[in-house]
Chemist: 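What follows is a single structure, and I will ask about it in a moment.
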There are 2 protein chains.
Amino acid sequence: MDPCQFYKCLSDETRLKSLLIIAELGEACVCHLMTALAIEQPKISRHLAELRKHGVVIDDRRGKWVYYQLHPDLPQWAKTVIDDTRRNNRPYFEQALTQLRTL
Amino acid sequence: MDPCQFYKCLSDETRLKSLLIIAELGEACVCHLMTALAIEQPKISRHLAELRKHGVVIDDRRGKWVYYQLHPDLPQWAKTVIDDTRRNNRPYFEQALTQLRTL
DNA sequence: AACAGATATATGAAATTTCGCATATCAATA
DNA sequence: TATTGATATGCGAAATTTCATATATCTGTT
């Protein structure tokens with residue numbers, strides 16, 4: 001995992017918030033992230049594809065839904081970075097979590 | 001410190017390697033970074049200006065040289081991210097450190 | 001097989017980032 | 001103050017990223 005490439009993955013609001021939500025909940029499907037972030041489906045799919053392409057997440061199709069999780073082989077330092085960010089920036093994605101609970 | 005903005009700062013090779021070198025050594029001046037990374041002066045200066053603009057580093061002029069350090073008010077989580085990256089990706093910037101020692 | 005819901009991808013335009021080169025600024029010293 | 005070494009910035013071109021829209025794919029159901 002090239003650190004610069006990893007940080008490019010985190011350097012977009014849609015991707016970063018998606019990752020933080022996925023890390024917080026353990027997993028999230030596309031329709032959840034659409035609601036949480038209030039964005040269009042192609043946009044979230046394209047950003048998730050980017051994260052998948054670089055080994056940051058894996059996808060898991062269950063029927064019509066596709067669930068995303070952090071990649072289990074993500075290096076420990078990268079997991080630590082995500083977790084550190086998640087625990088210390090709650091206000092950054094709190095509203096997305098709140099929106100998600102309306103489902 | 002907006003986490004997405006912070007990661008944008010880390011998402012360029014010149015900026016990331018500069019930051020890791022600065023974190024490793026405590027401080028570094030522009031001419032050191034030019035040698036370490038083998039890049040032109042205007043390029044390194046512009047990237048350092050970007051880091052300064054977003055509160056990631058501070059500059060300290062001593063005579064003709066300008067030394068850069070991590071911003072002392074950088075949030076702890078951000079310092080932890082940089083340090084975690086530095087300790088676990090030594091090969092990523094090892095050659096730059098080696099080049100630096102030739103001075 | 002036809003259909004509907006959920007997700008992925010193709011494509012071209014718009015926005016942003018990065019770069020190279022020229023030039024400006026700043027500090028020490030002759 | 002003229003000069004030199006070190007660093008910063010202005011600017012247009014090139015490269016990269018992001019987006020909206022349309023369309024394709026995949027799955028479960030009728």
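Since the structure is predicted, the reported quantities are computational estimates derived from the model, not experimental observations. Chain A is the first sequence line, chain B the second, and so forth, proteins listed ahead of strands; every chain is numbered from 1.
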Chemist: Please report, rounded to the nearest Å, how far the P atom of dA6(C) is from the CG atom of L33(A).
Modeler: 15 Å
Chemist: Roughly, in whole Å, what's the span from NZ in K8(A) to C1' in dT17(D)?
Modeler: 10 Å
Chemist: Can you tell me how far P of dT18(C) sits from CD of E50(B), to the nearest Å?
Modeler: 7 Å
Chemist: Can you tell me which nucleotide in dT7(D), dA6(C), dA8(C) comes closest to the side chain of K64(A)?
Modeler: dA6(C)
Chemist: Looking at Y67(A), is R62(A) sitting on its ring face, NZ or CZ under 6.0 Å from the six-membered ring centre and within 45 degrees of the normal?
Modeler: yes
Chemist: Assign the ring pair Y7(B) / Y7(A) to parallel, tilted or perpendicular, where the plane angle (0 to 90°) is split at 30° and 60°.
Modeler: parallel
Chemist: Quick one: do D83(B) and K79(B) make a salt bridge, cutoff under 4.0 Å?
Modeler: no
Chemist: How close or far is atom C1' of dA8(C) from atom OH of Y68(A), stated in whole angstroms?
Modeler: 8 Å
Chemist: Ignoring the backbone of V30(A), work out which of dA8(C), dT9(D), dT18(D) is nearest its side chain.
Modeler: dA8(C)
Chemist: Determine, stepwise, if the pair I82(B) / L70(B) fulfils side-chain contact (heavy atoms from CB on, under 4.5 Å).
Modeler: CA-CA 10 Å; I82(B) 294 172; L70(B) 292 191; 4.3 Å; yes
Chemist: Hey, does R61(A) reach any base, or is it just sugar-phosphate, or nothing, if we go heavy atoms under 4.0 Å?
Modeler: sugar-phosphate
Chemist: Please report the distance, rounded to the nearest Å, between CD in Q5(B) and C1' in dT17(C).
Modeler: 12 Å
Chemist: Would you mind telling me which of dC21(C), dA8(C), dT7(D) lies closest to the side-chain atoms of P42(B)?
Modeler: dC21(C)
Chemist: Go nucleotide by nucleotide along DNA chain D from the 5' end; which of K43(B) and T14(A) gets its closest nucleotide reached first?
Modeler: K43(B)
Chemist: Tell me which nucleotide among dT7(D), dA8(D), dT9(C) gets nearest to the side chain of C29(B).
Modeler: dT7(D)
Chemist: Between the side chains of K17(B) and E24(B), is the shortest nitrogen-to-carboxylate-oxygen separation below 4.0 Å, so that they form an ion pair?
Modeler: no
Chemist: Round to a whole Å and report the spacing from CD1 of I39(B) to C1' of dT7(D).
Modeler: 14 Å
Chemist: Nearest of dT7(D), dT9(D), dT18(C) to any side-chain atom of A49(B)?
Modeler: dT9(D)
Chemist: Quick check for you: among dT9(C), dT18(D), dT7(D), whose closest atom lies nearest to any side-chain atom of V66(B)?
Modeler: dT7(D)
Chemist: Under 4.0 Å from OP1 or OP2 of dC19(D): is there any side-chain N or O of H47(A) that close?
Modeler: yes
Chemist: Which nucleotide sits closest to the side chain of W65(A): dC19(C), dA6(C), dG5(D)?
Modeler: dA6(C)
Chemist: Quickly work out the R46(B) CZ to dA22(C) P distance and round it to whole Å.
Modeler: 14 Å
Chemist: Take atom CD1 of I44(A) and atom C1' of dT18(D), then tell me their distance rounded to the nearest Å.
Modeler: 14 Å
Chemist: Looking at Q41(A), H47(A), K43(A), which hits side chain to side chain donor-acceptor pair (under 3.5 Å) with S45(A)?
Modeler: Q41(A)
Chemist: Once you apply a heavy-atom cut-off of 4.0 Å, does Y67(B) come out as touching a base, just sugar-phosphate, or nothing?
Modeler: nothing
Chemist: So what does R62(B) touch, heavy atoms closer than 4.0 Å: a base, only the sugar-phosphate, or nothing?
Modeler: nothing
Chemist: Of the nucleotides dA27(C), dT7(C), dA22(D), which one has an atom closest to the side chain of Q41(A)?
Modeler: dT7(C)
